[in-house]
*Asks:* 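Have a look at the structure that comes next, please.
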Amino acid sequence: KRNVFMEAFEKIDRNLRAIFKELTDGDAWLEVEKPDDIFQGGIYLMVRFPGKKPKESLMLSGGEKTITTVAFILAMQSAFKSPFYLLDEIDAHLDAINLERLINILYDRSKESQIILITLKDVTLSKADKIFGVYQREGYANVVEYTPGIKVKEAQQ
Amino acid sequence: KRNVFMEAFEKIDRNLRAIFKELTDGDAWLEVEKPDDIFQGGIYLMVRFPGKKPKESLMLSGGEKTITTVAFILAMQSAFKSPFYLLDEIDAHLDAINLERLINILYDRSKESQIILITLKDVTLSKADKIFGVYQREGYANVVEYTPGIKVKEAQQ
Amino acid sequence: IYIKRIEIEGFKTFGKKVVLNLEPGYISVTGLNGSGKSNIFDAILFALGESSLKTLRATNLKGLLFDGGVSGARSSKAVVSIQFDNTSREIPVDSDTVTFTRELRENGESVFKINNKHVSKQMVLNLTQLCLISPEAFNVVLQGMINRIAELRPDERRRLLESLV
Amino acid sequence: IYIKRIEIEGFKTFGKKVVLNLEPGYISVTGLNGSGKSNIFDAILFALGESSLKTLRATNLKGLLFDGGVSGARSSKAVVSIQFDNTSREIPVDSDTVTFTRELRENGESVFKINNKHVSKQMVLNLTQLCLISPEAFNVVLQGMINRIAELRPDERRRLLESLV
Ligand SMILES: Nc1ncnc2c1ncn2[C@@H]1O[C@H](COP(=O)(O)OP(=O)(O)OP(=O)(O)O)[C@@H](O)[C@H]1O
Ligand SMILES: Nc1ncnc2c1ncn2[C@@H]1O[C@H](COP(=O)(O)OP(=O)(O)OP(=O)(O)O)[C@@H](O)[C@H]1O
Ligand SMILES: [Mg+2]
Ligand SMILES: [Mg+2]
């Protein structure tokens with residue numbers, strides 16, 4: 001059991017380092033609390049953003065936590081490949097730079113697994129292969145399909 | 001005690017109805033769970049958005065909850081006037097229509113009480129009497145003042 | 001595998017039937033506040049066997065049925081179907097598409113089907129867990145939950161990895 | 001009353017002293033993720049007597065002192081001053097401005113001052129509650145907390161109103 005666990009752990013850790021580097025130019029990694037007795041301890045998610053000291057993921061800002069969470073989810077993909085992702089307004093607290101980087105990496109990953117993103121932001125909409133608009137009419141919810149390239153304001157009825 | 005409480009309750013309820021109407025064209029009001037024994041029961045925050053049935057505030061969407069919370073906070077202002085408000089990225093999950101209406105009402109209210117809004121959105125920045133930009137340089141956080149009218153991207157270093 | 005088609009009728013704000021035809025790749029959904037975007041994700045989780053009312057954002061099962069809004073009549077049942085592309089046969093069912101359907105009646109009873117054949121709820125949960133299309137996996141981030149993973153305690157994070165191994 | 005001036009030094013990311021001169025009305029703060037925006041709100045709450053580490057987003061009091069980042073030395077103390085305009089004399093202190101100052105030392109001890117005179121923490125809490133400038137009031141919405149008030153249980157909402165009356 002320990003071996004299987006550590007194999008998955010190593011894979012995820014390796015992936016996390018690569019993805020986080022691509023997203024922020026900083027570093028992220030996993031640390032085992034009790035190497036001699038893994039299942040009695042926890043796993044730390046350590047993060048170092050450019051220009052800052054390394055910290056546990058708990059002590060980050062709102063936007064930094066978003067980036068760290070997405071990096072971790074994508075890193076898990078390497079060990080447990082999921083066929084689809086449902087992400088609901090994960091871009092809400094990101095600045096323009098982090099948003100652009102995040103959407104680029106999600107776009108790359110969408111070649112391997114289907115990614116469905118609910119968003120109110122144009123940048124996130126701009127990369128989509130397909131866009132759905134949800135709107136309310138006479139008390140019923142309806143869905144309409146848009147051709148890619150439409151802006152959020154045009155799609156919000 | 002009951003009379004003082006009910007006096008504040010009536011004031012807040014009256015204000016809530018007016019503010020929510022201004023924000024959404026819908027209705028919001030407070031309901032006492034146990035009118036005969038107020039302090040044994042709770043207070044419901046009921047909300048009816050245009051085109052929908054009345055519901056408890058718990059059952060709303062993310063953006064609808066944001067609008068409802070701000071309406072409630074501003075309504076409390078009528079009974080307990082606070083000299084300042086600190087609002088941290090409260091606009092993150094709002095669509096363009098709700099954002100515009102929210103910022104307009106906050107701007108009006110800022111004549112009576114100082115309102116400090118942390119934001120990553122241009123609309124929210126556009127109404128400000130004064131703008132501060134926070135940035136990181138060589139490991140230290142700094143603050144600079146901008147003249148109103150600047151866009152978020154220009155202010156984010 | 002990918003989600004090929006979603007059909008929703010009588011579930012939350014979807015009083016009338018709506019159909020979404022999807023493709024593999026990057027799909028985006030937008031719309032005004034309260035229009036029903038997050039309700040689509042709730043519908044997907046519902047069809048794949050999700051039973052937590054807290055996750056589905058409802059106070060009781062009946063609360064998942066369309067309440068009639070201002071115009072229509074309340075729905076007496078909610079039906080959601082999720083069709084997966086299965087040409088890779090990663091889902092151990094011998095057909096090019098696998099459709100998970102869940103029907104909820106007014107009495108709170110749920111009926112589960114896979115490719116139109118009645119199955120038990122447990123069967124649905126076993127199958128979705130096997131192919132990692134279960135809502136339990138870390139591939140679903142509901143609205144407002146994005147920071148939760150970064151805020152997990154170290155022991156919670158170990159347990160998450162342990163459960164997936 | 002309004003916040004006229006904020007001075008922060010040695011608190012969280014503010015290793016070097018920063019000063020914000022404010023006006024009444026509508027003030028906006030922006031900046032990149034992690035730049036220190038929310039830390040400014042934490043500094044205001046800190047100076048007004050906030051003692052919950054969870055609200056201040058720190059694991060211990062020492063965690064509020066600037067950690068040195070990549071360039072500098074760790075701060076040995078954190079000092080935050082909040083100056084209020086008091087020409088209306090709503091704060092029962094006979095001066096045109098009232099400045100709340102809190103100093104935190106490495107040993108975890110806090111020193112409170114009002115207009116540069118040492119006072120007890122209790123004195124600060126009494127005064128801020130009286131003029132509704134206390135962090136307890138509903139006038140502060142920290143990041144990610146906006147939906148909390150809409151999600152309050154009915155009894156919690158009654159208690160909130162009761163506590164303010
Ligand atoms: N059973 C039901 N019948 C009708 N309407 C319902 C039902 N259950 C929930 N709703 C309504 O669905 C709406 C919420 O929809 P949803 O959360 O999908 O919105 P959204 O598009 O995600 O909005 P936001 O952008 O604010 O997150 C609410 O207005 C709620 O009252
Ligand atoms: N004692 C400390 N010394 C140095 N840095 C600290 C200290 N405490 C917290 N920080 C850092 O402060 C940063 C968080 O700042 P803050 O939460 O104010 O960011 P923000 O500008 O609000 O960002 P966002 O837009 O993502 O919400 C984190 O990177 C965190 O590591
Ligand atoms: Mg939503
Ligand atoms: Mg912040």
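Predicted model, so just to flag it, every value in this text is computed and none were measured. Residue numbers start from 1 in every chain, and the chains themselves are labelled A, B, ... in the order their sequence lines are given, proteins ahead of strands.
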*Asks:* Counting heavy-atom pairs under 4.5 Å with chain B, which one of Leu142(D), Asn33(D), Ile8(D), Asn21(D) comes out on top?
*Replies:*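 Looking at each option in turn, the highest pair count goes to Asn21(D).
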
*Asks:* So which residue, Glu156(D), Lys17(D), Glu23(D), ends up with the most heavy-atom pairs under 4.5 Å with chain B?
*Replies:*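 Heavy-atom pair counts peak at Glu23(D).
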
*Asks:* Can you tell me which portion of Tyr146(B) sits under 4.5 Å from chain D's heavy atoms? Options are side chain, backbone, both or neither.
*Replies:*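 Contact with chain D is absent: no heavy atom of Tyr146(B) under 4.5 Å.
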
*Asks:* Could you walk me through whether Ile27(D) and Ile115(B) pass the side-chain contact (heavy atoms from CB on, under 4.5 Å) check?
*Replies:* CA-CA 6 Å; Ile27(D) 314 265; Ile115(B) 296 181; over 6 Å; no

*Asks:* Is the NZ atom of Lys151(B) crowded by more than 12 outside heavy atoms at less than 6.0 Å?
*Replies:* no

*Asks:* Would you call the rings of Phe66(D) and Tyr140(B) parallel, tilted or perpendicular, where under 30° means parallel and over 60° means perpendicular?
*Replies:* parallel

*Asks:* Counting heavy atoms not belonging to Lys77(D), are there more than 12 under 6.0 Å from its NZ?
*Replies:*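 Not buried by this count: 12 neighbours or fewer within 6.0 Å.
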
*Asks:* Heavy-atom pairs under 4.5 Å with chain D - which of Leu87(B), Val152(B), Thr68(B) has more of them than the others?
*Replies:*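 Max contact count across the listed options: Leu87(B).
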
*Asks:* Without swapping roles, check the side chain of Thr30(D) against the backbone of Gly133(B) for a donor-acceptor pair under 3.5 Å.
*Replies:*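 Judged by distance alone, no pair lies under 3.5 Å.
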
*Asks:* Can you tell me which portion of Leu161(D) sits under 4.5 Å from chain B's heavy atoms? Options are side chain, backbone, both or neither.
*Replies:*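 Contact with chain B: backbone and side chain both.
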
*Asks:* Contact part of Leu74(B) toward chain D, heavy-atom cut-off under 4.5 Å: side chain, backbone, both or neither?
*Replies:* neither

*Asks:* Can we say Glu33(B) and Arg158(D) salt-bridge, meaning some charged N sits less than 4.0 Å from an Asp/Glu carboxylate O?
*Replies:*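 No, no charged N to carboxylate O under 4.0 Å.
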
*Asks:* Gln114(B) side chain to Ile3(D) main-chain N or O, any donor-acceptor pair under 3.5 Å?
*Replies:*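 The answer is yes, because a donor-acceptor pair under 3.5 Å joins these two groups.
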
*Asks:* Between Ile40(D), Leu152(D), Val19(D), Leu22(D), which has the largest tally of heavy atom pairs under 4.5 Å with chain B?
*Replies:* Leu22(D)

*Asks:* Is Glu7(B) in contact with chain D via its backbone, its side chain, both, or neither, using a 4.5 Å heavy-atom distance?
*Replies:* neither

*Asks:* Below 4.5 Å, heavy-atom pairs only: which of Ser38(D), Gly34(D), Gly69(D) has the largest tally toward chain B?
*Replies:*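 Maximum pair count with chain B is reached by Ser38(D).
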
*Asks:* Looking at chain D, which one of Met76(B), Glu89(B), Glu64(B) has the largest number of heavy-atom pairs inside 4.5 Å, strictly under?
*Replies:*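 Greatest number of close heavy-atom pairs with chain D: Met76(B).
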
*Asks:* Would you mind checking which part of Ile103(B) comes under 4.5 Å of any heavy atom in chain D, side chain (CB onward), backbone (N, CA, C, O), both or neither?
*Replies:* both

*Asks:* Given 3.5 Å as the limit, does a donor-acceptor pair link the side chain of Asn139(D) with the main chain of Phe84(B), or not?
*Replies:*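 Yes, because the side chain of Asn139(D) sits within donor-acceptor range (under 3.5 Å) of the backbone of Phe84(B).
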
*Asks:* How many angstroms lie between atom CD1 of Ile146(D) and atom OG1 of Thr66(B), to the nearest 0.5 angstrom?
*Replies:*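 Taking CD1 in Ile146(D) and OG1 in Thr66(B), the distance rounds to 5.0 Å.
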
*Asks:* As an exercise: rank Val18(D), Val70(D), Leu20(D) by heavy-atom pairs under 4.5 Å with chain B and give me the winner.
*Replies:* Leu20(D)

*Asks:* Using a heavy-atom cutoff of under 4.5 Å, enumerate the residues of residues 116-130 of chain B that contact chain D, numbered in order, or state 'none'.
*Replies:*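 Within residues 116-130 of chain B, near chain D: Ile116(B), Leu117(B), Ile118(B), Thr119(B), Leu120(B), Thr124(B), Leu125(B), Lys127(B), Ala128(B), Asp129(B), Lys130(B).
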
*Asks:* Measure distances from Asn39(D) to the heavy atoms of chain B and classify the residue's part below 4.5 Å as side chain, backbone, both or neither.
*Replies:* neither

*Asks:* For the residue pair Phe80(B) and Leu164(D), what are the closest heavy atoms and their distance?
*Replies:*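 Looking at all heavy atoms of both residues, the closest pair is CE2-O, 3.1 Å.
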
*Asks:* Just wondering, do Gln156(B) and Ser35(D) contact through their side chains at under 4.5 Å, heavy atoms?
*Replies:* no

*Asks:* Could you check Asp88(B) against Val141(D) for side-chain contact (heavy atoms from CB on, under 4.5 Å), going step by step and ending with a plain yes or no?
*Replies:* CA-CA 6 Å; Asp88(B) 195 343; Val141(D) 180; over 6 Å; no

*Asks:* Is the count of non-hydrogen atoms from other residues, nucleotides or ligands lying under 6.0 Å from Lys153(B) atom NZ greater than 12?
*Replies:*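 Counting neighbours around NZ of Lys153(B), 12 or fewer heavy atoms of other residues, nucleotides or ligands fall under 6.0 Å, so no.
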
*Asks:* Does any backbone or side-chain atom of Glu112(B) lie under 4.5 Å from a heavy atom of chain D? Answer side chain, backbone, both or neither.
*Replies:*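 Neither part.
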
*Asks:* To the closest 0.5 Å, what do you measure between CG (Asp155(D)) and CZ (Phe39(B))?
*Replies:* 14.0 Å

*Asks:* Looking at chain D, which one of Ala79(B), Ser110(B), Gly41(B) has the largest number of heavy-atom pairs inside 4.5 Å, strictly under?
*Replies:* Ser110(B)

*Asks:* Under a 4.5 Å cutoff for heavy-atom pairs, which residue among Ala8(B), Gly139(B), Ser57(B), Ala71(B) has the most contacts with chain D?
*Replies:* Ser57(B)

*Asks:* Do Tyr2(D) and Pro83(B) make a side-chain contact, defined as non-hydrogen atoms from C-beta onward lying under 4.5 Å apart?
*Replies:* no

*Asks:* Looking only at heavy atoms, what is the nearest atom pair of Arg157(D) and Leu45(B), with distance?
*Replies:* NH1-N, 3.2 Å

*Asks:* Look up atom CZ in Arg148(D) and atom OG1 in Thr69(B), then write down how far apart they are to the nearest 0.5 Å.
*Replies:* 11.0 Å

*Asks:* Among Gly15(D), Gly36(D), Gly25(D), Gly31(D), which residue has the highest count of heavy-atom pairs closer than 4.5 Å to chain B?
*Replies:*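 Among Gly15(D), Gly36(D), Gly25(D), Gly31(D), the one with the most close pairs to chain B is Gly25(D).
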
